[in-house]
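Counting starts at 1 for both ligands and their atoms, in listed order.
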Amino acid sequence: MRSLLVTGGAGFIGSNFVRYWLERHADDHVIVLDKLTYAGNLVSLADLRADPRLNFVHGDIRTPGLAERLLRQHKATILVHFAAESHVDRSIVSPEQFLETNVLGTHVLLEAARAVGLERFHHVSTDEVYGSLDSGEPAFTENSPYEPNSPYAASKAASDHLVRAYHHTYGVPTTVTNCSNNYGPYQFPEKLIPLIVLNALQGKPLPIYGDGLNVRDWLHVEDHCRAIDLVLRSGKVGEVYNVGGDNQWNNLALVQLLCRLLDETFAGTPTLGGRFPLCPASRQQTASLISFVQDRPGHDRRYAVDSEKIRTSLGFVPGEAFANGLRNTIQWYLQNEAWWNTVMTGAYRDWIRHWYGQDA
Ligand code: NAD
Ligand code: TYD
């Protein structure tokens, strides 16, 4: 039996990872450390509430001594670090919290890892640290230069550098994954895919920033969890692995696809029209809600990840076909209205009003 400390385990990827891990590693014990910010919600772990293999600790990764105490108390040998402020638009409005959590918080955890002598410190990072690509440029490799453009990306880049330094200087056994855009269940509805699905269900505009031609490389969250599992099992200490879906879409094409899938879903289940009377999908017209809005300042044009290293060294291949993954994600949001009603709190509504200048 192993014990893992998982930071940010009540967020989108963290909660999927906890579920993934406990399903596949029956003898292991997971301790989640999460501050429960607006993006972290215990309802995302509700199905695991009675599982004796899971402990939840409500706390801040920045609290001195807390992570170290938890690692010692539970004899944890692995720390998987998801906790972060993760939304680019919020980092544009208030960068400070990104530095506090993403940079200083990571530092506190690295100190804890160093003090305790962990077997592995796995840092979950993003492709956004590499900056932006033009249309013909090759995808980011692990050797691409760091050129972060948003306060979010800069804070993650700084945390990556700290992880590297703690490995080189103190011998902390680190691994890092830099992953592309994730989608799937439990994603907070400020990010593109759940925002579009939930706005459409409520008959609200589907906001597309700028010309809609910015490109992202989408990966199902379960594929990301599998990549981290592979790196924990067989990855080499001190190494960095890029993880992508080899699945580039511009935002407009992706939103149009989501609109088509919603139209199809409503056509296949006529009762949905009664449940969501404001949604034009019952008339096969979801795309009529598409609305171009002012661009994000400093909006990165294109991300694309070269996953050659993790594919050839660890055998990672994304498993979920995109249209199928999106269909299942739409189904998940349809079946979990209680979840999204719970997480879309006053703070969420304030954010939407502030950023989009309209009511949530
Ligand atoms: P999220 O915003 O959904 O969840 C973040 C979680 O961290 C929340 O549960 C929140 O409560 C917790 N948290 C925040 N500050 C904390 C603190 N000070 N102490 C303890 N807990 C705290 O984020 P996500 O989308 O699940 O991303 C998880 C990680 O993966 C992040 O590090 C992010 O940079 C990285 N990542 C995300 C994506 C993506 O597409 N979402 C892609 C690549 C990498
Ligand atoms: P997002 O989900 O915020 O992820 P990231 O900025 O980390 O890639 O956004 C994905 C893309 O969608 C990005 O190019 C910005 C764009 N976008 C919109 O066009 N409209 C929106 O309302 C949001 C939230 C994002």
Any idea which atoms of ligand 1 are less than 4.0 Å away from a heavy-atom of Tyr152? 33 (C), 34 (O)
Which ligand 1 atoms, with their elements, are less than 4.0 angstrom from a heavy-atom of Asn181? 40 (O)
Side chain, backbone, both or neither: which applies to Tyr303 and ligand 1 if a contact is any heavy-atom pair less than 4.0 Å apart? neither
Ligand 1 contact on Thr101 by region, counting heavy-atom pairs under 4.0 Å: side chain
Students should be able to answer this: which protein heavy-atom is nearest to [atom], and at what distance?
| atom | answer |
| --- | --- |
| atom 23 (O) of ligand 1 | Ser86 OG, 3.2 Å |
| atom 5 (C) of ligand 1 | Ala84 O, 3.4 Å |
| atom 18 (N) of ligand 1 | Asp60 OD1, 2.8 Å |
| atom 32 (O) of ligand 1 | Lys156 NZ, 2.6 Å |
| atom 21 (N) of ligand 1 | Lys35 N, 3.0 Å |
| atom 40 (O) of ligand 1 | Asn182 N, 2.8 Å |
| atom 41 (N) of ligand 1 | Ile13 CD1, 3.7 Å |
| atom 11 (O) of ligand 1 | Asp34 OD1, 2.6 Å |

Counting distance only, does the side-chain N/O of Glu137 pair as donor-acceptor with the main-chain N or O of Asp134 below 3.5 Å? yes
For the backbone of Glu96 and the side chain of Ser94, can you confirm whether one donor and one acceptor N or O come within less than 3.5 Å of each other? no
Check: [X] ring centroid to [Y] ring centroid under 6.0 Å:
| X | Y | value |
| --- | --- | --- |
| Tyr152 | His87 | no |
| Trp249 | Phe322 | yes |
| His29 | His74 | yes |
| Trp351 | Tyr38 | no |
| His167 | Phe121 | no |

Any [X] heavy atom less than 4.0 Å to ligand 1:
| X | result |
| --- | --- |
| Ser180 | yes |
| Ser125 | yes |
| Gly59 | yes |
| Ala10 | yes |

Please report whether ligand 1 has a polar contact with Thr126, defined as an N or O pair separated by less than 3.5 Å (distance criterion only). no
When only distance counts, is Gly11 in polar contact with ligand 1, meaning an N/O pair under 3.5 Å? yes
Where the closest heavy atom to atom 19 (N) of ligand 1 is concerned, which of Ile61, Leu36, Leu66 has it? Ile61
Closest to atom 28 (C) of ligand 1 among Phe82, Tyr38, Phe17 (heavy-atom distance): Phe82
Over 60° means perpendicular and under 30° means parallel, so tell me whether Phe188 and Tyr348 are parallel, tilted or perpendicular. perpendicular
Does the plane of the ring in Trp332 sit parallel, tilted or perpendicular to the ring in Trp339? Use 30° and 60° as the thresholds. perpendicular
Taking the six-membered ring of Tyr170, is NZ or CZ of Arg114 closer than 6.0 Å to its centre and within 45° of its axis? yes
Any side-chain heavy-atom pair from Asn199 and Pro207 closer than 4.5 angstrom? yes
Ligand 2: which protein N/O atoms lie under 3.5 Å from its N/O atoms?
unit_1   : atom_1 : unit_2 : atom_2 : d
ligand 2 : 2 (O)  : Leu192 : N      : 2.9
ligand 2 : 3 (O)  : Arg296 : NH2    : 3.1
ligand 2 : 4 (O)  : Asn181 : ND2    : 3.3
ligand 2 : 6 (O)  : Arg296 : NH1    : 2.6
ligand 2 : 6 (O)  : Arg296 : NH2    : 3.1
ligand 2 : 7 (O)  : Glu128 : OE2    : 2.6
ligand 2 : 8 (O)  : Asn181 : ND2    : 2.9
ligand 2 : 8 (O)  : Arg216 : NE     : 2.7
ligand 2 : 12 (O) : Asn251 : ND2    : 3.4
ligand 2 : 14 (O) : Arg216 : NH2    : 3.2
ligand 2 : 14 (O) : Asn251 : ND2    : 2.9
ligand 2 : 14 (O) : His299 : NE2    : 2.7
ligand 2 : 19 (O) : Tyr209 : N      : 2.9
ligand 2 : 20 (N) : Pro207 : O      : 2.9
ligand 2 : 22 (O) : Tyr356 : OH     : 2.6

Please determine, by modelled atom types, if [X] and [Y] share a side-chain donor-acceptor pair under 3.5 angstrom.
| X | Y | answer |
| --- | --- | --- |
| Asn336 | Tyr333 | no |
| Tyr183 | Arg216 | no |
| Asn102 | Ser159 | no |

Would you mind checking if Arg353 and Asp350 are paired as a salt bridge, meaning a charged N to carboxylate O distance below 4.0 Å? yes
By side-chain contact (heavy atoms from CB on, under 4.5 Å), Pro205 pairs with (sequence neighbours left out) Ser291, Gln358
